[in-house]
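Numbering starts at 1 and runs along the sequence shown. First listed ligand is number 1; within each ligand, the first listed atom is number 1.
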Amino acid sequence: MIDKDLLKNMTILYAEDEDSIQNGITETLSLFGIHVICAKNGQEGLSLFKAAKTKIDLILTDIKMPKMDGLLMVQKIREVDEFIPVVITTAHQETNLLMKAIDLGISSYVLKPIDIYKLKETLHKAIEPKILKEQLLEQNKKLNIEVQKNKENQKIMVTQSRFAAMGEMINMIAHQWRQPLASIGTAAFTLKYKILSDAFNLDLKEQRNEQSVFFKNKLDEIEFYVQNLTTTIEDFRNFYKSDKKVLNKTIDSAIHNCLKIMKKDLQASNIEVQLDLKSKNKLNIYENEIIHVFLNILKNAQEKLLEKENHKLILEICTKDIKNTVQIDIYDNGGYLDENIKDKIFEPYFSTKKEKNGTGIGLYMSKIIIENHHQGKLFVKNIREGVCFSIILPKKIHL
Ligand SMILES: Nc1ncnc2c1ncn2[C@@H]1O[C@H](COP(=O)(O)OP(=O)(O)OP(=O)(O)O)[C@@H](O)[C@H]1O
Ligand SMILES: [Mg+2]
């Protein structure tokens, strides 16, 4: 917004060789709160401009002056400050000079004898664009600081959300490991039992062979389960590697990798996962980020489904190509999302699970990953017996 009292506290360099005019105008300008630096000719004006300690906001100058005329002074000042507004004072007969002044990009002129109100209006108009530009620059600077702050906040949230996911991961690893660990335990116990109970008569060749086959099978079993444990750890480790590279692949591997991590946990919750993967388009994706989104959505669905009793718990993941995009729908039959909170669930820190330590950043982060990092869309709808989160990803990310 432009201040009506814009001229107040401005500093003007005023070049005029006639004392009586200069004194009169200077006195009146001072009454408006303007600081005036006076010069008697162009040369003095130029030196004063170059030596000025405070910033000069505008030049007001006569044209015809001894030593150096006003236009030459303006030309030389423009070499130092390309955009400073200039108002000239002129008489009717100086039309030629006026044309030259226009070439020099003079902001405006006032005719002599000077009408002080006209002069004030002209100065006001001349300075207005400069002030607007300065205000715009100032606002831009503030905006940039805000944008920067926002980026930093987002970084903190990414870390928070990864920590939250890590807690859940530990739970999932525990589920994933329970079965192979139990099997290794059983195999080791069986081996020990066979030895301690002298189950094989080692004096007989046939029994010795039987024992070695038995031992080999059990050791193979143990090796298989150890491999299984290692793969689980690799899957989780991969998820925690940060994505630096955009890949170009179908969405299937992100879905399968996510399910590898969650499968046992979902099974333990009696949730049936139904897949209908029709998409064939290859996509630009940061795979771990996309897996993170799937984990957030699936985890939410699981938490909702676990509140249901006497109910067949279903999670559906469907993909399809729509022209140059891929749509992924993740549906759970855990009941509708309350209409009152539907618009809020993507806001940071919105959670209806505060008593269960829900942080409320899962969906917020997911939206950022899909919409900012992948130029896609993430939205939610109540359909059939529950909620469907839809993700639309373009084939190409414009970097
Ligand atoms: N499938 C769903 N069915 C019903 N409500 C859901 C579903 N998914 C999300 N919500 C609602 O959206 C809210 C926000 O989800 P979000 O994942 O952002 O946070 P949270 O699950 O509460 O906590 P966290 O950040 O730890 O995941 C949830 O608290 C829940 O009320
Ligand atoms: Mg969540």
Min side-chain heavy-atom separation [X]-[Y] under 4.5 Å:
X: D62; Y: K112; value: yes
X: Q302; Y: L266; value: yes
X: Y331; Y: V387; value: no
X: L305; Y: N333; value: yes

(message) Just to be sure I read this right, does ligand 1 sit under 4.0 Å from the backbone of N296, its side chain, both, or neither, counting only heavy atoms?
(response)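 Within the 4.0 Å criterion, N296 makes no contact with ligand 1.
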Nearest neighbour in protein (non-hydrogen) for [atom]:
atom: atom 21 (O) of ligand 1; answer: K353 NZ, 2.6 Å
atom: atom 3 (N) of ligand 1; answer: K304 CG, 3.7 Å
atom: atom 11 (C) of ligand 1; answer: I345 CG2, 3.7 Å
atom: atom 1 (N) of ligand 1; answer: D332 OD2, 3.0 Å
atom: atom 30 (C) of ligand 1; answer: T352 OG1, 3.4 Å
atom: atom 17 (O) of ligand 1; answer: N300 ND2, 2.8 Å
atom: atom 14 (C) of ligand 1; answer: F350 O, 3.4 Å
atom: atom 18 (O) of ligand 1; answer: L363 N, 2.8 Å

(message) Taking S279's backbone N and O only, do any of them form a donor-acceptor pair with K320's side chain (distance below 3.5 Å, no angle check)?
(response)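 Absent.
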(request) Say whether, by atom type as modelled, one donor and one acceptor occur between the side chain of S269 and the main chain of D265 under 3.5 angstrom. (result) yes
What do you reckon, does [X] have a nitrogen or oxygen under 3.5 Å from a nitrogen or oxygen of ligand 1?
X: I341; value: no
X: V387; value: no
X: G360; value: yes

(request) Please determine if the Mg ion (ligand 2) has an N/O/S atom from S351 lying under 2.8 Å away. (result) no
(message) Under 4.0 Å, counting heavy atoms only: does F389 come that close to any atom of ligand 1?
(response)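 Contact check F389 vs ligand 1: positive.
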(request) Answer with yes or no whether I361 contacts ligand 1, where contact means a heavy atom under 4.0 Å from a ligand atom. (result)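 Flag set, I361 near ligand 1.
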(request) Measure up the F346 and F389 rings against each other and bin them: parallel (under 30°), tilted (30 to 60°), perpendicular (over 60°). (result)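 It falls in the perpendicular class, over 60°.
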(request) Would you give the length of the straight line joining atom CG of N284 to atom CG of L393, rounded to the nearest 0.5 angstrom? (result) 10.0 Å
(message) I want to check a possible cation-pi pair here: K133 against F83, using under 6.0 Å from ring centre and within 45° of the ring axis as the test.
(response) yes
(message) Counting neighbours of NZ on K130 that are heavy atoms of other residues, nucleotides or ligands and sit closer than 6.0 Å, is the number greater than 12?
(response) yes
(message) Distance alone, cut at 3.5 Å: any donor-acceptor contact between the side chains of Q375 and K396?
(response) no
If the cut-off is 4.0 Å to any non-hydrogen atom of [X], which atoms of ligand 1 fall inside it?
X: S351; value: 20 (P), 22 (O), 29 (O)
X: L337; value: 4 (C), 5 (N), 6 (C)
X: G358; value: 23 (O), 26 (O)
X: T359; value: 23 (O), 24 (P), 25 (O), 26 (O)

(message) Looking at every non-hydrogen atom in both residues, tell me the closest pair between L378 and E371 and how far apart they are.
(response)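 What the structure gives for the nearest pair is N-OE2, 2.9 Å.
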